[in-house]
There are 2 protein chains.
Amino acid sequence: MAIKRQTATVKLLWEQFEESRDALSVVYLVKHLKVAMNKSTVYRILDRMEESGKLHSFIGKNGLKWYAKCQDCSSENHIDIHPHFQCNGCGKVECLTEEIKIPKISKHQIQLAQVLLLGKCETCLN
Amino acid sequence: MAIKRQTATVKLLWEQFEESRDALSVVYLVKHLKVAMNKSTVYRILDRMEESGKLHSFIGKNGLKWYAKCQDCSSENHIDIHPHFQCNGCGKVECLTEEIKIPKISKHQIQLAQVLLLGKCETCLN
DNA sequence: TTTATATTTGCAACTTGGTTGCAATAGTAA
DNA sequence: TTACTATTGCAACCAAGTTGCAAATATAAA
Ligand SMILES: [Mn+2]
Ligand SMILES: [Mn+2]
Ligand SMILES: [Zn+2]
Ligand SMILES: [Zn+2]
């Protein structure tokens, strides 16, 4: 179900995403939120925010679930598909704006491409 | 540690991969092997086969771990990097031979690209 | 402002994928 | 055959994510 009510917890979680283009893992949020919040609540709010077109989610390199802010999505269309970069040093995940050309695969219908680039971020390079 | 001894369990697991270019999830192997095998054993053997350059692993769409046969790898170099396709219908995962061009990202050093294409496989399209 | 209702939350218990320590077993080379 | 080390099974564990339910609360109607 999408977000129906603007609760304190919803606002608090949304603030975490508002500033940056970085993604946040659910595990991180459950552990490090200023105001502690039950983990089911965190999972459920993020889920609803995704359904509402506010956030998108993906799986990081260790199988953890990450969320980040959408740019121009709505409940009806989620168009914010892009590659993600995860730093092997510090673990940080960024949304990228670069387009990646996906080839046609014969006899397959491709509906979605998940691209995760792994490497060193700016901070960890220096 | 890499594979040191050719045990019955190692042989049995290897046979699962030998024929096809399809990947197999650990969960599937633990559940459906003809000769039942302890799950720690399965995890450990797959791990060693990867270290030996016989298999490569990646994370599928639900965060599960998958393995597939390498073509030309060894302990020393794992060069078998390619995109994977997972069917949204039947869940099957295939290794693809197509090359995907990864753009340079400024101020980032990219070490590895994980590409997972999701869609419908040949069987599920018909 | 008060009331009514549906949504949201916390909690505790659960499920599932994956890991670990250790004692028993079994390849392999001598 | 023996000796040595790698491998296995087992049981217990850990961590991420899910679920059912009763209590709390946002919001709209009265
Ligand atoms: Mn993103
Ligand atoms: Mn592959
Ligand atoms: Zn970094
Ligand atoms: Zn299919």
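Chain naming here is simple, since letters A, B, ... match the order of the sequence lines and numbering starts at 1 in each.
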Around [X], counting heavy atoms of other residues, nucleotides and ligands shown, do more than 12 lie under 6.0 Å from its [atom1]?
{"X": "A:D72", "atom1": "CG", "answer": "no"}
{"X": "A:K69", "atom1": "NZ", "answer": "yes"}
{"X": "B:E99", "atom1": "CD", "answer": "no"}

Once you round it to whole Å, what is the distance between [atom2] of [N] and [atom1] of [X]?
{"X": "A:L64", "N": "C:dG17", "atom1": "CG", "atom2": "P", "value": "16 Å"}
{"X": "A:K4", "N": "C:dT9", "atom1": "NZ", "atom2": "P", "value": "13 Å"}
{"X": "A:K11", "N": "C:dT8", "atom1": "NZ", "atom2": "P", "value": "14 Å"}
{"X": "A:N62", "N": "C:dG17", "atom1": "CG", "atom2": "P", "value": "17 Å"}
{"X": "B:Y43", "N": "C:dT16", "atom1": "OH", "atom2": "C1'", "value": "9 Å"}
{"X": "A:N38", "N": "C:dC14", "atom1": "CG", "atom2": "P", "value": "17 Å"}
{"X": "B:F58", "N": "C:dG17", "atom1": "CZ", "atom2": "P", "value": "16 Å"}

So does [X] get a side-chain nitrogen or oxygen closer than 4.0 Å to the phosphate oxygens (OP1/OP2) of [N]?
{"X": "B:R5", "N": "C:dT25", "answer": "no"}
{"X": "A:T41", "N": "C:dG10", "answer": "yes"}
{"X": "A:R44", "N": "C:dT8", "answer": "no"}

- Tell me which of B:K31 and B:T7 sits closer to the 5' end of DNA chain C, going by the nucleotide each one is nearest to. B:K31
- Item | Bend angle of the helix from C:dT1-D:dA30 to C:dA30-D:dT1, from helix axes over five pairs at each end, nearest 10° | 30°
- Which class fits the ring pair B:H56 and B:H82: parallel under 30°, tilted 30 to 60°, perpendicular over 60°? perpendicular
- Query: What is the ring orientation for B:F58 with B:H84, classed by angle as parallel under 30°, tilted 30 to 60°, or perpendicular over 60°?
  - Reply: parallel
Is the side chain of [X] donor-acceptor paired with the backbone N or O of [Y] at a distance under 3.5 Å, no angle test?
{"X": "A:S52", "Y": "A:R48", "result": "yes"}
{"X": "B:N38", "Y": "B:S40", "result": "yes"}
{"X": "A:N77", "Y": "A:C73", "result": "no"}

- Task: State plainly whether the residues A:E94 and A:K92 are in salt-bridge range, i.e. N to O under 4.0 Å.
- Result: yes
- Query: C:dT7, C:dG18, C:dT9: which one has an atom nearest the side-chain heavy atoms of A:R48?
  - Reply: C:dT9
- Of the listed C:dG17, C:dT8, C:dT9, the closest approach to the B:K39 side chain comes from C:dG17
- First and last nt of DNA chain D near chain A, cut-off under 4.0 Å to heavy atoms, 5' to 3', are D:dA16 to D:dT27
